[in-house]
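A short worksheet on the structure shown next.
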Amino acid sequence: MGNIEKVKLQEQLVSYRRELHENPELSFKEVETTKRLKKWLTDAGIDILDYPLEVGVVAEIKGELPGPTIALRSDIDALPIEEKSGVSFSSKNKGVMHACGHDFHAASIMGAAILLKERKADIKGTVRIIFQPAEEIAQGAVYVSDKGVLEGVSAIFGMHNKPDLPVGTIGVKAGSLMASVDRFELDIVGVGGHAGIPNAVIDPIVIASQVVTGFQSIVSRNLSPFSDTVVSVTKLQSGNTWNVIPDKAELEGTVRSFQEADQALVAERMKKLAEGIAESYGAHADFRWFPYMPVVNNDPQFVEVATEAALEAGFKAVEAQPAPAGEDFAFYQKSIPGFFVWMGVDGPHDWHHPAYKLNENALSVAATYFANLAVKVLAQWK
């Protein structure tokens with residue numbers, strides 16, 4: 001691609017990204033976003049596949065040489081955040097903002113699709129392009145998978161923008177990159193009564209306090225010192241006045257881990273600790289565990305090609321640092337091999353910040369990288 005073509009592509013991708021940024025839509029409400037993506041794909045002469053999706057788009061570029069099918073995935077939903085970025089193309093939808101950069105992802109993967117169409121003669125197989133809804137509520141990957149979009153796909157690739165990496169830098173890592181995300185709820189049921197006569201009650205607040213302390217010992221005393229796991233109690237609610245001991249305390253929180261085995265162990269230990277502590281006081285504990293997202297676990301067979309794809313395009317590849325946030329790309333990896341990278345965007349704020357911004361020069365970097373990656377993966381496929 002010549003310099004003029006590169007400039008034109010960058011300008012086009014900036015236009016796409018800003019239009020998406022101005023018109024953000026929440027999870028499973030990406031109706032207008034879907035229409036825009038379909039129009040841009042059609043304008044580029046890229047085939048759209050007919051899946052029964054209410055929102056989201058799947059397209060495909062068939063190479064001129066035989067080979068397997070791989071997929072590139074982008075998410076497209078926004079967040080319920082009032083934008084305070086100050087950019088001229090700020091959100092027109094009050095209380096909704098692309099504060100996680102999914103507009104960047106969508107425009108970049110659109111660019112990759114355009115580049116791949118131009119390189120059909122180099123493609124040994126087929127590249128499926130997935131514009132997925134509802135990542136922010138961890139339901140989109142399962143939704144599109146249930147519609148059959150992974151049928152016939154041998155591997156899948158994706159990214160998340162990384163504000164703390166400079167433009168032109170791609171983070172690559174085998175194994176766990178983003179944490180599993182689970183939620184828990186706990187009710188401690190005791191016996192309420194007069195605050196001045198505590199011997200006549202079973203105080204759920206005292207018990208809940210012991211449970212919170214016990215939960216914090218799980219990571220330090222039940223897991224390996226090399227384990228990356230976080231247990232956070234984010235809600236402890238009980239009572240409604242100063243002179244009455246309540247009969248119930250409610251706790252809620254989250255667990256993040258980079259090891260699947262640790263997920264099961266933590267859930268088991270939390271339940272036993274809560275029940276044991278409550279029983280020792282004569283109370284009852286009702287512990288509930290809600291699995292949310294698995295670990296983003298990169299297949300090591302793609303480390304070399306993911307690195308080479310960056311270097312050959314003139315970009316920098318670095319060891320990706322894991323993040324304790326979750327990503328529903330992990331659900332794809334439960335079905336087929338997958339690889340997820342960080343894409344440097346050099347932004348002043350991290351994800352989900354109301355003033356989130358990024359350097360748009362990263363658009364053509366991401367588009368070029370993923371087009372190159374797709375061609376290389378198919379060329380080397382065994």
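Counting begins at 1 with the first residue of the sequence. The basis for the numbers below is simple: all heavy atoms, side chains too, and nothing from hydrogens, waters or symmetry mates.
Between the N298 side chain and the V303 main chain, no donor and acceptor come within less than 3.5 Å of each other. Judged by distance alone, the side chain of R73 and the main-chain N or O of I130 form no donor-acceptor pair under 3.5 Å. No donor-acceptor pair closer than 3.5 Å links the side chain of D346 to the backbone N or O of V167. The closest donor-acceptor contact from the side chain of S280 to the backbone of I277 lies under 3.5 Å.
For the pair L358 and R17, the minimum side-chain heavy-atom distance is below 4.5 Å. With a 4.5 Å cut-off on side-chain heavy atoms, V231 and V266 count as touching. Here the side chains of V212 and L251 are in contact, with some heavy-atom distance below 4.5 Å. A 4.5 Å side-chain heavy-atom check between Q380 and V305 finds at least one atom pair inside the cut-off. The shortest side-chain heavy-atom distance between R119 and D122 falls under the 4.5 Å cut-off. Residues F131 and L41 are in side-chain contact: their nearest non-hydrogen atoms beyond the backbone lie under 4.5 Å apart. For the pair Y281 and V206, the minimum side-chain heavy-atom distance is below 4.5 Å.
Between K357 atom NZ and S90 atom OG the span is 9.0 Å, to the nearest 0.5 Å. The distance from the CG atom of D75 to the CE atom of M159 is 8.5 Å, given to the nearest 0.5 Å. In this structure, M110 CE and L37 CG are separated by 4.5 Å, a value rounded to the nearest 0.5 Å. A distance of 7.5 Å separates CG of D77 from CD1 of I137, quoted to the nearest 0.5 Å. N359 contributes atom CG, which lies 4.5 Å from atom CG of N361 (distance to the nearest 0.5 angstrom). In this structure, the separation between CD on E279 and NZ on K272 is 13.0 Å, given to the nearest 0.5 Å.
The side-chain tip of R183 points at the ring of F290 from less than 6.0 angstrom away and within 45° of straight on.
A ring-centre distance under 6.0 Å is found for H21 and F89. In this structure, Y332 has its ring center at least 6.0 angstrom away from the ring center of F157. Here Y16 and W40 bring their ring centres to under 6.0 angstrom of each other.
Using a 30° and 60° split on the angle between ring planes, W342 and W351 fall in the tilted class, from 30° to 60°.
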Show the atom names and distances, to 0.1 Å, of all donor-acceptor pairs under 3.5 Å that link a side chain in residues 235-247 to residues at least two apart or in another chain.
from	atom 1	to	atom 2	distance (Å)
S238	OG	K248	O	2.7

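Both L49 and I156 belong to a single network of hydrophobic side chains, linked directly or stepwise wherever heavy atoms of I, L, V, M, F, W or Y lie under 4.5 Å apart. The cluster map of Ile, Leu, Val, Met, Phe, Trp and Tyr, joined by side-chain heavy atoms under 4.5 Å apart, puts I61 and V58 in the same cluster. In the hydrophobic clustering of ILVMFWY residues, with side-chain heavy atoms under 4.5 Å counting as a link, L311 and M343 come out apart. Taking hydrophobic clusters as Ile, Leu, Val, Met, Phe, Trp and Tyr residues chained together by side-chain heavy-atom distances below 4.5 Å, L26 does not share a cluster with I81.
Within 6.0 Å of CG on D50 lie no more than 12 heavy atoms contributed by other residues, nucleotides or ligands. Counting non-hydrogen atoms of other residues, nucleotides and ligands closer than 6.0 Å to CD of E185 gives a total above 12. Environment of CD in E312: crowded, with over 12 heavy atoms of neighbouring residues, nucleotides or ligands closer than 6.0 Å.
Between L116 and A371 the shortest heavy-atom distance is CD2-O, 3.5 Å. Residues A112 and L72 share a closest heavy-atom pair of CB-CD1, 4.2 Å. When all heavy atoms are compared, the tightest approach of A362 to V345 is CB-CG1, 3.9 Å. Heavy atoms only, all atoms of each residue included: A309 and N372 are closest at O-ND2, 3.0 Å. Nearest heavy atoms, A306 versus F339: CB-CE2, 3.8 Å. In plain terms, the two heavy atoms of F258 and P322 that are nearest each other are CE2-CB, 3.6 Å.
Paired with T33 under the rule side-chain hydrogen bond (donor to acceptor under 3.5 Å, both in side chains), one option of H102, K38, E25 passes, and it is E25.
Side-chain polar atoms of S232 and T234 form no donor-acceptor pair below 3.5 angstrom. Side-chain contact annotation: S27 with E136, donor-acceptor N/O pair under 3.5 Å absent. Inspection of the S91 and E83 side chains reveals no N or O donor paired with an N or O acceptor under 3.5 Å. A donor atom on one side chain and an acceptor atom on the other are not found under 3.5 Å apart for Y143 and D328.
Within the structure, salt bridge (charged side-chain N to carboxylate O under 4.0 Å, His left out) contacts touching residues 295-309 (residues at least two apart or in different chains) are E308-K376.
Salt-bridge check for E60 with R128: passed, with a basic side-chain N closer than 4.0 Å to an acidic carboxylate O. With respect to K35 and E32, a salt bridge is recorded, a charged nitrogen being found less than 4.0 Å from a carboxylate O. Ion pairing between a basic and an acidic side chain is recognised when a charged N comes within 4.0 Å of a carboxylate O; E260 and K334 show such pairing. A salt bridge links R288 and D187; the closest N-O separation between the charged side-chain nitrogens and carboxylate oxygens is under 4.0 Å. Checked for salt-bridge contact, E22 and R18 miss the test: no charged N lies under 4.0 Å from a carboxylate O.
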Next on the checklist: The test is side-chain hydrogen bond (donor to acceptor under 3.5 Å, both in side chains); show your working for T34 and R36 and say whether it passes.
Outcome noted: CA-CA 5 Å; T34 297; R36 286 184 170 89; over 6 Å; no
Next on the checklist: Under the criterion side-chain hydrogen bond (donor to acceptor under 3.5 Å, both in side chains), I'd like the reasoning laid out for S176 against N297: C-alpha separation, chi angles, the key distance, then a yes or no.
Outcome noted: CA-CA 4 Å; S176 55; N297 194 12; 5.5 Å; no
